[in-house]
Undergrad: 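Below you'll find the structure I mean.
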Amino acid sequence: MKKRIIAGILLAMCTFSACAQKDIYSEWEEDWAASEGISGDFKENAEGALSEEISSDAQGTQLPTKYSLDEEGVVTDVLMYGSSHDGRPVNWAYSAYNAIESNLLVQGKAKKGNVDLSEGHLVFWANRHPAMFDEETSDDCLRLVVSESASLSTCLVKGIEGEMIIARIANGAGPLSEEKVQFKDDDMASVESSAEKLIQDAADCRIGEYDADWFLLNANHCDINDRDTIKRTLMEKGAMQFGYGLNFNSFSEESAFYCKTSNGLMTQMALLVGWDDQYPKTNFKEGAQPEHDGAWLVYEPGGDALGVGREIWVSYEDATIKDMISYEMCERADYGEILFHDAIGYRDLIKTEDEYTTVANVFTMEEEGALKAVGIYTLDANQQVEIDVYGNPLDGTPDNGDWMTSLSLEVTNKGYHVFDLTETVPLQKGDRFSVVVRYLNSEETGSAAVEGKKGETLAAIGKVNYHMVSEIGESFAFTNGTWYDLSLEESAEYFGKEDAINNACIKAILENKS
């Protein structure tokens with residue numbers, strides 16, 4: 001069983017490289033277009049509006065027509081990677097942690113100037129160095145394939161899916177302080193030194209110093225067409241990770257970005273920090289302007305390297321916007337150990353024709369504890385979910401055991417969510433228990449997240465190889481009155497898949513015993 005947060009550090013064997021500037025990005029866009037792509041598929045109130053003009057949303061809540069989290073003091077410094085030289089596109093790591101830092105500021109859990117999370121650790125965690133990738137490994141793992149001779153300092157990840165970030169943090173891989181793993185991407189010697197130390201410490205099982213400082217409660221994918229909800233989320237929860245399709249020809253001299261067509265690919269991740277309903281459409285590129293005024297205020301971590309500056313304005317009407325992810329955190333000490341089988345997170349889904357799409361994970365306690373919460377993905381908006389916990393389930397039938405507790409939920413947003421049980425469930429060392437999750441099926445809902453098959457996905461350069469494994473008796477799915485073990489290839493056909501589905505993406509989260 002791939003169990004703990006602490007086991008996860010063994011995946012933290014990452015790597016680094018230099019990248020080129022605009023010409024390389026252009027090549028990436030061509031590569032992405034030729035591929036199957038990478039899809040990406042919140043307390044002080046902002047009382048001082050930057051404009052006297054107020055509009056009301058559908059719920060009657062007053063919203064300013066112009067707003068900036070930066071002006072409210074709840075955005076940390078957006079680092080400009082590679083501004084002094086050639087640039088290194090780890091925008092996915094910068095934007096994710098800037099969003100998380102902003103959420104901590106909005107909640108009052110941190111003060112500006114004393115919160116700095118380690119992007120380097122997130123980069124390390126998300127990937128393995130090619131030399132340490134073993135096709136026969138008994139663990140889930142991945143690597144960026146650049147070349148067979150790729151060295152530690154020439155294998156920096158160039159493109160990562162939004163779900164990969166969420167999965168790593170959901171499994172307990174950070175966030176932690178920059179002091180623990182420093183990351184100065186304009187100093188490759190420092191980067192390589194940090195990577196080597198992580199690798200050695202992992203090999204020596206010296207992993208306590210890498211314990212996370214914060215815990216992920218929610219990672220919500222907001223509806224990109226629901227402008228009012230996005231605005232409320234920004235004000236209440238903080239900055240959001242912003243995914244769009246980079247196209248240099250769509251920038252104006254004012255660093256305003258508008259593209260009316262999209263190839264469906266998300267190639268850049270930045271930080272959404274505000275809006276202006278009256279941002280002039282004439283600021284966008286002449287001859288290729290949106291129909292109406294209004295734009296999102298976005299901080300682009302790679303702006304200098306890209307030649308567009310840190311602050312950019314993206315039209316409300318831009319067709320390349322693919323994702324807006326809002327993170328909500330709490331103190332790590334609020335929860336204990338995280339049990340999981342999906343080390344990489346979800347890369348596929350299943351949906352049955354039953355009333356519910358039902359998946360389950362079976363876990364075994366290695367020491368005495370208590371189950372406090374469950375972490376699940378919802379892949380559809382307004383998803384009704386039923387969660388049941390059973391003790392000592394019979395082999396092969398996770399819902400055939402001693403019923404312990406249940407939850408009935410309607411989850412508004414797509415994304416990853418942690419739900420506290422109505423009461424904790426005490427468990428003894430050696431106890432087996434199952435978490436059964438049922439997603440109500442409808443035309444719009446009913447998808448369940450699973451790991452999917454091993455394979456590869458095109459990254460900005462090279463490819464990312466994914467190697468997922470699962471063990472018999474860990475993960476199950478139900479259809480037509482029968483439970484099927486997802487580790488078995490022969491089970492795949494019942495869910496319309498050609499290869500083993502591997503694990504269901506369900507976390508069992510224990511109570512903190514300290």
Undergrad: So does Lys507 have more than 12 non-hydrogen atoms from other groups sitting under 6.0 Å from NZ?
TA: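 Result for NZ/Lys507: enclosed.
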
Undergrad: Counting C-beta onward and ignoring hydrogens, is there a side-chain heavy-atom pair between Leu216 and Tyr416 closer than 4.5 Å?
TA: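 Touching, per the 4.5 Å side-chain cut-off.
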
Undergrad: Can we call the ring centroids of Trp296 and Tyr316 under 6.0 Å apart?
TA: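 Centroid separation for Trp296 and Tyr316: below 6.0 Å.
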
Undergrad: Would Lys372 count as a cation-pi partner of Tyr335, with NZ or CZ less than 6.0 Å from the six-membered ring centre and within 45° of the ring normal?
TA: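 Yes - Lys372 lies over the ring of Tyr335, closer than 6.0 Å to its centre and within 45° of its axis.
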
Undergrad: Please report the interatomic distance NE2(His417) to OG1(Thr412), rounded to the nearest 0.5 Å.
TA: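 Between His417 NE2 and Thr412 OG1, I get 8.5 Å after rounding to 0.5 Å.
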
Undergrad: Kindly say whether the aromatic ring centers of Tyr279 and Phe284 come within a distance under 6.0 Å.
TA: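 Yes.
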
Undergrad: Does the Glu451 side chain pair with the main chain of Ile501, one donor and one acceptor, at a distance under 3.5 Å?
TA: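 Checking the backbone N and O of Ile501 against the side chain of Glu451, no donor-acceptor pair under 3.5 Å is found.
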
Undergrad: Does Arg310 come within less than 4.0 Å of Asp70, counting only side-chain N to carboxylate O?
TA: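 Salt bridge present between Arg310 and Asp70.
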
Undergrad: Take Leu379 and Tyr346 through the test side-chain contact (heavy atoms from CB on, under 4.5 Å) and record every step on the way to the result.
TA: CA-CA 10 Å; Leu379 305 187; Tyr346 104 84; 3.5 Å; yes

Undergrad: Rounded to the nearest 0.5 Å, how far does CD1 of Ile224 lie from CZ of Phe242?
TA: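 CD1 of Ile224 is found 9.0 Å from CZ of Phe242.
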
Undergrad: Would you kindly say whether Ser252 and Glu254 are connected by a side-chain donor-acceptor distance under 3.5 Å?
TA: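 Short answer, yes.
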
Undergrad: Just verifying a value: how many Å separate Asn103 CG and Asn98 CG, rounded to the nearest 0.5 Å?
TA: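 It comes to 12.5 Å.
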
Undergrad: Flag yes if more than 12 heavy atoms outside Glu410 fall under 6.0 Å of its CD atom; otherwise flag no.
TA: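 Result for CD/Glu410: enclosed.
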
Undergrad: Would you call Leu217 and Met329 a side-chain contact if the rule is heavy atoms closer than 4.5 Å?
TA: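 With C-beta onward as the side chain, the pair stays apart.
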
Undergrad: Under 6.0 Å between the ring centres of Phe257 and Tyr244?
TA: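 Yes: the rings meet the under 6.0 Å criterion.
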
Undergrad: In Å, rounded to the nearest 0.5 Å, how long is the span from CG of Asn382 to CG of Asp223?
TA: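 If I round to the nearest 0.5 Å, the distance is 9.5 Å.
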
Undergrad: Mind running side-chain contact (heavy atoms from CB on, under 4.5 Å) on Asp116 and Tyr97 for me, showing each step along the way?
TA: CA-CA 8 Å; Asp116 187 8; Tyr97 274 4; over 6 Å; no

Undergrad: side-chain contact (heavy atoms from CB on, under 4.5 Å) between Leu234 and Val273: does it pass, once the steps are laid out?
TA: CA-CA 7 Å; Leu234 278 171; Val273 300; 5.9 Å; no

Undergrad: I need the minimum non-hydrogen distance between Leu272 and Leu297, along with the two atoms involved.
TA: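 Result for this residue pair: CD1-O, 3.6 Å.
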
Undergrad: Is there a side-chain contact between Val75 and Leu105 (heavy atoms, below 4.5 Å)?
TA: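 Side-chain contact under 4.5 Å: no.
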
Undergrad: Between Ser177 and Asp213, is there a side-chain donor-acceptor contact under 3.5 Å, judged purely by atom types and distance?
TA: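 Distance-only check fails for Asp213 and Ser177.
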
Undergrad: Check whether any side-chain heavy atom of Trp214 lies under 4.5 Å from a side-chain heavy atom of Leu104, and answer yes or no.
TA: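 In contact.
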
Undergrad: Contact between Asp323 and Gln241 at the side-chain level, heavy atoms closer than 4.5 Å - yes or no?
TA: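 No, too far: nothing below the 4.5 Å cut-off.
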
Undergrad: With Asp277, which of Arg227, Lys231, Lys66, His292 fulfils side-chain hydrogen bond (donor to acceptor under 3.5 Å, both in side chains)?
TA: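 The passing option is Lys231.
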
Undergrad: Would you call Asp318 and Lys260 a salt bridge, taking side-chain N to carboxylate O under 4.0 Å as the test?
TA: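 No.
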
Undergrad: Starting from the C-alpha separation in whole Å, work towards a yes-or-no answer on side-chain contact (heavy atoms from CB on, under 4.5 Å) for Tyr258 and Lys281.
TA: CA-CA 9 Å; Tyr258 168 67; Lys281 63 182 181 181; over 6 Å; no

